[in-house]
Asker: 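Please read through the structure below; I'll follow up with questions.
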There are 2 protein chains.
Amino acid sequence: MTVDAKRVSSPTTSKTQAERTAISDRAMIEAAKDLLLEHGLEKTTLAAIGERAGYSRGLASYRFGTKAGLFDEVCKSISRRWLDYLTERVGRQHGIPAMCTALDSFFSFITEHPRDAQVLQILYGGAASPAAEYRSTSINIHQRQLDDVANWVRAGIGDGSIRSDIDPGSVAAQYIAYISGMTYLWLINPGSVDFGKANDDMKTHLRRSLQKE
Amino acid sequence: MTVDAKRVSSPTTSKTQAERTAISDRAMIEAAKDLLLEHGLEKTTLAAIGERAGYSRGLASYRFGTKAGLFDEVCKSISRRWLDYLTERVGRQHGIPAMCTALDSFFSFITEHPRDAQVLQILYGGAASPAAEYRSTSINIHQRQLDDVANWVRAGIGDGSIRSDIDPGSVAAQYIAYISGMTYLWLINPGSVDFGKANDDMKTHLRRSLQKE
DNA sequence: TAATCACTTGCTTGTTGACAGCAAGTTTGT
DNA sequence: ACAAACTTGCTGTCAACAAGCAAGTGATTA
């Protein structure tokens, strides 16, 4: 008698095991984001994450194994969200329109979800350290973004909208570097850059230097 | 008679107090760079720095106060070296030539001093964390670079070599973001970008989008 | 000029509190 | 009953600090 009433998320008690872990996982990842924003990478402790999430000091350690393991999950969780957000907006576009849409999407993402964007940037910063255990996560995400952009450029060359003497790899590197660098500058000192204006100018620059004729 | 022979750095013994600190300071900063490259920010310990430098486990802590204090010194030391290197090469140039020379200089700097460039990038990464105590050092350096580039652009507009509808602040942000971002990509995965090629393309891109006519 | 003494500075060692990571135990779902 | 989620107890490591030791420095006196 697999009663369905059992599976309906009852307001207080009696969750299924899977629900329990899902809930505590989410709570700890959110707590980790909070604490990362408040105290940064080094001063965020596993005990504090567990307790802020409403559990014991040991749960974060038990669930994610290590501090790096938890940060890796946070990193992947936000990256997934961002890639979905991007994919949804760019759709089947390619060439210069795809690149411009991606710039707009990135700007709206950091405007709508500044918390996630900041946390991701903090984690990417930590990934610059040689022994950082979630370094490969950062590498993979950046590599994927480089590949996507290079493919947009190739498609643009293919349909004749982009000059054929352009090197897709170089443009992709330039483009992703611009986004990474801007996010860093914006994170450490929001007043130092006008992200929106810079993006608009970037779009003009892209058209000027890539567009055929 | 204040004999000079006393001040001549005798090969083994009898250093002046100032000499002693200068020597141990340098040794510890070099040791810190080594260890940062080997183990990253978190896994580099003050004790290991003191010992690798040939002193006791306590000296780094005593001299620099905190781990962040030491990293701040390392950051400033390398930044000074880079800014001198840059200033020497750019000289009194401005406008597009200054921007192109700076790109070349940056590439030759990371080729000639990869160790310093990598360490600096690791430290900048750590500065993304909210409570990082050397965050302001990163902010100041980046702000100065933004200002320098913006001034180059203004000078270029002034002498008529750069289009007058260009926004210097935006271009500066774009330019510094490109350099920061490329360095990050290069650091975490050297194979993913061709820094030299991207720089060459960036120079073409700058001329195409900034140059008058 | 040289010898001694008071003082300063460089450096080391002992100690404390905090944290990551693990293992053994307890509670909750199935 | 069993297993899975979760907690508590514990250990080794580290940053930070404080007390002490040793080497350098400057002034005084003869």
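Note on naming: letters A, B, ... go to the chains in the order of the sequence lines (proteins, then strands), and numbering restarts at 1 for each one.
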Asker: Could you identify which residues of residues 26-40 of chain A place a heavy atom less than 4.0 Å from some atom of DNA chain D, listed by residue number, or say none?
Answerer: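 The answer is none.
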
Asker: Would you say the side-chain atoms of B:Thr66 pair up with the backbone N or O of B:Gly69, donor to acceptor, closer than 3.5 Å?
Answerer: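 Yes; judged by distance alone, with no hydrogens or angles, the pair exists.
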
Asker: Classify the nucleic acid contact of B:Tyr62 as base, sugar-phosphate or nothing, counting any heavy atom under 4.0 Å across all strands shown.
Answerer: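 Base contact.
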
Asker: For nucleotides 14-16 of chain D, print each protein N/O atom paired with a nucleotide N/O atom at under 3.5 Å, atom names and distance only.
Answerer:
from   : atom 1 : to      : atom 2 : distance (Å)
D:dA15 : OP1    : B:Leu46 : N      : 3.3
D:dA15 : OP2    : B:Leu46 : N      : 3.2
D:dA16 : OP2    : B:Lys67 : N      : 2.9

Asker: Tell me whether the side-chain N/O atoms of B:Ser24 come closer than 4.0 Å to OP1 or OP2 in C:dG10.
Answerer: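 Answer no for this pair, as no side-chain N or O of B:Ser24 is under 4.0 Å from OP1 or OP2.
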
Asker: Does the side chain of B:Phe71 reach to within under 4.5 Å of the side chain of B:Leu41, using non-hydrogen atoms?
Answerer: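 With C-beta onward as the side chain, the pair touches.
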
Asker: Which atom pair, heavy atoms only, marks the closest approach of A:Leu185 to B:Ala173?
Answerer: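 Answer, listing the atom of A:Leu185 first, then B:Ala173: CD1-O, 4.2 Å.
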
Asker: Send over the distance from A:Leu70 CG to C:dA20 P, rounded to a whole Å.
Answerer: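 Distance check: A:Leu70 CG to C:dA20 P gives 10 Å.
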
Asker: One pair to check against salt bridge (Lys or Arg N to Asp or Glu O under 4.0 Å): B:Lys76 and B:Asp72. What are the steps and the verdict?
Answerer: CA-CA 6 Å; B:Lys76 282 175 179 159; B:Asp72 194 29; 3.2 Å; yes

Asker: Apply ring pair (Phe, Tyr, Trp, His ring centres under 6.0 Å) to B:Tyr178 and list each qualifying residue two or more places apart in sequence or on a separate chain.
Answerer: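 Here no residue qualifies.
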
Asker: Can you find a side-chain donor-acceptor pair between B:Tyr124 and B:Thr183 that sits under 3.5 Å?
Answerer: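 No, B:Thr183 and B:Tyr124 have no side-chain donor paired with an acceptor closer than 3.5 Å.
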
Asker: Please tell me which of A:Gly58 and B:Gly58 maps to the more 5' nucleotide of DNA chain D, matching each residue to the nucleotide holding its nearest heavy atom.
Answerer: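 By nearest-heavy-atom nucleotide position, the 5'-most residue is A:Gly58.
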
Asker: Expressed as a whole number of angstroms, how long is the span from A:Tyr55:OH to D:dT7:P?
Answerer: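 A:Tyr55 atom OH is separated from D:dT7 atom P by 8 Å.
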
Asker: Please list, one pair per line, the donor and acceptor atoms closer than 3.5 Å that link side chains of residues 90-104 of chain B to other protein atoms, with sequence neighbours excluded.
Answerer:
from     : atom 1 : to       : atom 2 : distance (Å)
B:Gln93  : OE1    : B:Thr101 : OG1    : 2.9
B:Gln93  : NE2    : B:Thr101 : OG1    : 3.4
B:His94  : NE2    : B:Asp159 : OD2    : 2.8
B:Thr101 : OG1    : B:Pro97  : O      : 2.9
B:Asp104 : OD1    : B:Lys203 : NZ     : 2.7
B:Asp104 : OD2    : B:Lys203 : NZ     : 3.4

Asker: Taking side chain as C-beta onward, heavy atoms only, is A:Arg81 less than 4.5 Å from A:Leu86?
Answerer: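 No. Closest side-chain heavy atoms not under 4.5 Å.
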
Asker: Which one, C:dG10, C:dT13, D:dC6, comes nearest to the side chain of B:Ser56?
Answerer: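 So the side chain of B:Ser56 is nearest to C:dT13.
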
Asker: State whether A:Arg20 places a side-chain N or O below 4.0 Å from either non-bridging phosphate oxygen (OP1 or OP2) of D:dA4.
Answerer: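 Checking A:Arg20 against D:dA4: no side-chain N or O falls below 4.0 Å of OP1 or OP2.
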
Asker: May I have the distance from B:Asp25 (atom CG) to C:dT9 (atom P), rounded to whole angstrom?
Answerer: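 Atom-to-atom, B:Asp25 to C:dT9, this comes out as 16 Å.
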
Asker: Take atom CZ of A:Arg63 and atom P of D:dA4, then tell me their distance rounded to the nearest Å.
Answerer: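 Result: 13 Å.
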
Asker: Provide the closest heavy-atom pair for B:Gly126 versus B:Ala132 in the form atom of the first, atom of the second, distance.
Answerer: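 Of all heavy-atom pairs spanning B:Gly126 and B:Ala132, the closest is O-CB, 3.5 Å.
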
Asker: Using five pairs at either end of the helix from C:dT1-D:dA30 to C:dT30-D:dA1, determine the angle between the two local helix axes and round it to 10 degrees.
Answerer: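 That helix gives 10° between its end axes.
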
Asker: Determine yes or no for a side-chain-to-main-chain donor-acceptor pair under 3.5 angstrom, with B:Thr204 supplying the side chain and B:Asp200 the backbone.
Answerer: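 The answer is yes, because a donor-acceptor pair under 3.5 Å joins these two groups.
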
Asker: So, using ring pair (Phe, Tyr, Trp, His ring centres under 6.0 Å) as the criterion, who are the partners of A:Tyr175 when residues are at least two apart?
Answerer: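 If we apply the ring pair (Phe, Tyr, Trp, His ring centres under 6.0 Å) test to A:Tyr175, skipping adjacent residues, there are no hits.
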
Asker: For A:Glu19 and D:dA4, what is the distance between atoms CD and C1' respectively, to the nearest whole Å?
Answerer: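 Rounded to whole Å, this separation is 15 Å.
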
Asker: CG of B:Leu59 versus C1' of C:dT13: gap in Å, rounded?
Answerer: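 My rounded result for the distance is 13 Å.
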
Asker: Provide, to the nearest angstrom, the distance between the CZ atom belonging to A:Phe71 and the C1' atom belonging to C:dA20.
Answerer: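 These atoms are roughly 12 Å apart.
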
Asker: Using distance alone, with no hydrogens and no angle criterion, decide if A:Tyr62 and A:Ser56 have a side-chain donor and acceptor under 3.5 Å apart.
Answerer: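 The answer is no; no qualifying pair exists.
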
Asker: Can you tell me the distance, in whole Å, between the CD atom of B:Glu51 and the C1' atom of C:dC11?
Answerer: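 In whole Å, C:dC11 C1' and B:Glu51 CD are 14 Å from each other.
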
